[in-house]
Colleague: 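Please see the structure below; I have some questions.
Keep in mind that the numbers below use all heavy atoms, side chains included, and drop hydrogens, waters and symmetry copies. Predicted, not measured: the structure shown is a model, and the values here were computed from it. Order of the sequence lines sets the chain letters (A, B, ...), proteins ahead of strands, with each chain counted from 1.
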Amino acid sequence: MTYPRELWENTQFHGEEYPFYCFRNRAAPVRAGQQVLWMHWHVHFELIVMLKGEAVFHIESRPYDTKPGDILLVPSGGLHVGYAATDEPIEFFALVFNGSMLESSAHDRLHARLLAPYATGQARFPVHIAKRGEAGGPIRECVERAIEEFEGRQRGYELTIKSYLILLFAYLARQHPSPLAADDSAAAPVRGTERFKPLLRYVEEHYDERISVEDAARQVNLNPYHFCKLFKKMTGRTFVDYVNRHRMNEAERLLRDTDLSITEIAERVGCGNSNYFTKLFKRHMGTTPSQARGR
DNA sequence: AGGATTATTTCACCGTAACC
DNA sequence: GGTTACGGTGAAATAATCCT
């Protein structure tokens, strides 16, 4: 899985004037349940356009089953993660952009009234903005054109993409005239995921240590049962699975980039028992550590 | 590789508070 | 008063981990 870590949280984009980034994400040999989009969040919006295969994205605690033709809009700050739903190859396009992309250079009352609340996160749209099987429609068209522009990269494509994004938001605002206020109950999961972010970051940095569910639950002031329940609701996976995924990812990197022995690698990623490490690795990656190194 | 030991996840069921 | 989200318990089912 290739997902740029740079997109974590408060990423700076290359161009200040056009803060966006696109990438086509392919997961060719996939097993159902495999993670195809790293769990992360950032202040930017993210458009996810399903191109091939089936995946389930968990965005702000809610699962979204997607097939080609589905388009999701991850709100600013929204925690998101994606898993393969079948063994079929998966392909999706992700367009990450900052709300400032939607700003207007001149003072514009209409803009301030219609778009600013969405761009700044005071109001939000539903996540699933276009569904497969639906007739084209302007919303889908904006997204598809923006992608075309990105892929064509003709002169000034940044500006056309920006225009399509503004257009997209304008159509969305028209389609959802009574937007969900950010503090509305319908948008409430934000509060729920907010509390987990420090913990997720903690795991990012300490997956090489022993992390018990009890400790983790304490960090977010929940009893272990509720912690498990909420964590699963939020991420679609259990906490242990989440931690192990980090470990296996790092292990794969170490196998590839270093000459450390399997035992040493197991040790480094927080699996004291190399026997168990191999078992885990095989389950997550489909091959044993030594096979993975051989390739 | 298999089995023993721990840890976790989930279940059924209950209470509270906020909101309509 | 019904509904929804959030919290909690003990116990049982499952899964992780460790130990030959």
Side-chain angles (χ1 to χ4, degrees), chain A residues 31-35 39 41 56 58-64 75 77-81 83-85 122-124 126-128 176-200 202-204 206-252 254-255 260-292:
Chain A
R31 281 162 293 126
Q34 186 180 316
Q35 201 164 341
M39 187 184 309
W41 67 92
V56 45
H58 286 256
I59 297 167
E60 295 281 38
S61 298
R62 290 205 173 86
Y64 298 89
L79 187 65
H80 50 297
V81 60
Y83 306 102
Q122 290 168 298
R124 44 168 63 199
V127 167
H128 208 157
H176 305 282
S178 51
L180 314 169
D183 55 350
D184 215 27
S185 60
V190 188
R191 285 204 310 275
T193 57
E194 222 37 66
R195 73 194 300 181
F196 281 90
K197 288 178 180 177
L199 173 66
L200 297 180
Y202 177 86
V203 173
E204 272 285 299
H206 298 91
Y207 57 82
D208 56 330
E209 297 165 22
R210 205 183 159 70
I211 308 173
S212 74
V213 167
E214 206 173 330
D215 290 340
R218 223 188 334 264
Q219 280 200 40
V220 289
N221 298 314
L222 286 172
N223 72 13
Y225 164 57
H226 266 96
F227 173 74
C228 291
K229 195 164 79 170
L230 286 182
F231 196 90
K232 182 142 193 186
K233 185 179 177 204
M234 189 178 71
T235 68
R237 291 303 161 90
T238 64
F239 177 68
V240 168
D241 190 79
Y242 174 76
V243 175
N244 284 338
R245 203 170 284 277
H246 275 278
R247 294 180 166 157
M248 296 308 111
N249 255 19
E250 174 65 4
E252 190 183 39
L254 290 173
L255 283 165
L260 294 170
S261 72
I262 309 268
T263 316
E264 280 172 312
I265 289 177
E267 194 69 42
R268 260 200 214 202
V269 299
C271 290
N273 185 328
S274 63
N275 195 355
Y276 177 58
F277 167 72
T278 298
K279 211 187 275 186
L280 255 191
F281 192 89
K282 180 150 188 204
R283 194 170 64 225
H284 279 264
M285 302 301 186
T287 61
T288 64
S290 47
Q291 284 172 330

Colleague: Let's go through A/Leu200 and A/Glu204 carefully: what are the C-alpha distance in whole Å and the side-chain angles of both, what is the deciding distance for side-chain contact (heavy atoms from CB on, under 4.5 Å) to 0.1 Å, and is it a yes or a no?
Modeller: CA-CA 6 Å; A/Leu200 297 180; A/Glu204 272 285 299; 5.9 Å; no
Colleague: Using the C1' atoms of five pairs at each end, what's the angle between the two axes of the helix from B/dA1-C/dT20 to B/dC20-C/dG1, to 10 degrees?
Modeller: 20°
Colleague: Nearest to the side chain of A/Asn223 - B/dT8, B/dG3, C/dT9?
Modeller: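 Output: C/dT9.
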Colleague: Each nucleotide in nucleotides 9-18 of chain B should get exactly one letter: B, S or -. Can you fill that in based on protein heavy atoms under 4.0 Å?
Modeller: SBBB------
Colleague: OP1, OP2 of C/dA16 versus side-chain N and O of A/Arg283: anything below 4.0 Å?
Modeller: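 It does, given that an N or O in the side chain of A/Arg283 lies less than 4.0 Å from OP1 or OP2 of C/dA16.
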Colleague: Considering every strand and a 4.0 Å limit on heavy-atom distances, what is the contact class for A/Asn244: base, sugar-phosphate, or nothing?
Modeller: sugar-phosphate
Colleague: Taking the minimum atom-to-atom distance to the side chain of A/Asn275, which one of C/dC6, B/dA1, C/dC18 wins?
Modeller: B/dA1
Colleague: Rounded to the nearest 0.5 Å, how far does CE of A/Met234 lie from NZ of A/Lys197?
Modeller: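 Output value for this atom pair is 9.5 Å.
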Colleague: Taking atom C1' of C/dC6 as reference, at what distance in whole Å does atom CG of A/Asn221 sit?
Modeller: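 Checked: the CG to C1' distance equals 13 Å.
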Colleague: Just one of A/Phe231, A/Phe196, A/Tyr207 clears the ring pair (Phe, Tyr, Trp, His ring centres under 6.0 Å) bar with A/Phe239, so which one?
Modeller: A/Phe231
Colleague: Between A/Tyr242 (OH) and C/dA16 (P), how many Å, whole number?
Modeller: 18 Å
Colleague: Does A/Arg237 reach the main-chain N or O of A/Tyr242 with its side chain, forming a donor-acceptor pair under 3.5 Å?
Modeller: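 No; judged by distance alone, with no hydrogens or angles, the pair does not exist.
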Colleague: Counting only heavy atoms not in A/Glu214, do more than 12 sit closer than 6.0 Å to its CD atom?
Modeller: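 Open.
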Colleague: Mind calculating the distance between CD (A/Glu214) and P (B/dT6) to the nearest angstrom?
Modeller: 16 Å
Colleague: Determine whether a donor-acceptor pair (N or O, by modelled atom type, separation under 3.5 Å) exists between the side chain of A/Glu264 and the backbone of A/Ser261.
Modeller: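 Yes; judged by distance alone, with no hydrogens or angles, the pair exists.
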Colleague: Sub-3.5 Å donor-acceptor pair from the side chain of A/Glu252 to the main-chain atoms of A/Asn249, do we have one?
Modeller: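 Here the side-chain-to-backbone pair does not exist.
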Colleague: Taking atom P of C/dA16 as reference, at what distance in whole Å does atom CZ of A/Arg245 sit?
Modeller: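 Answer to the nearest Å: 12 Å.
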Colleague: Any donor and acceptor pair, going by atom type alone, linking the side chain of A/Ser212 with main-chain N or O of A/Asp215 inside 3.5 Å?
Modeller: yes
Colleague: Within the 4.0 Å heavy-atom criterion, would you say A/Arg237 contacts the bases, only the backbone, or no part of the nucleic acid?
Modeller: nothing
Colleague: Quick one: A/Lys279 NZ to B/dA1 C1', roughly how many Å, whole number?
Modeller: 8 Å
Colleague: Would you check if the side chain of A/His80 reaches a backbone N or O of A/Gly78 as a donor-acceptor pair within less than 3.5 Å?
Modeller: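 Side chain of A/His80 to backbone of A/Gly78, a donor-acceptor pair under 3.5 Å: yes, one is there.
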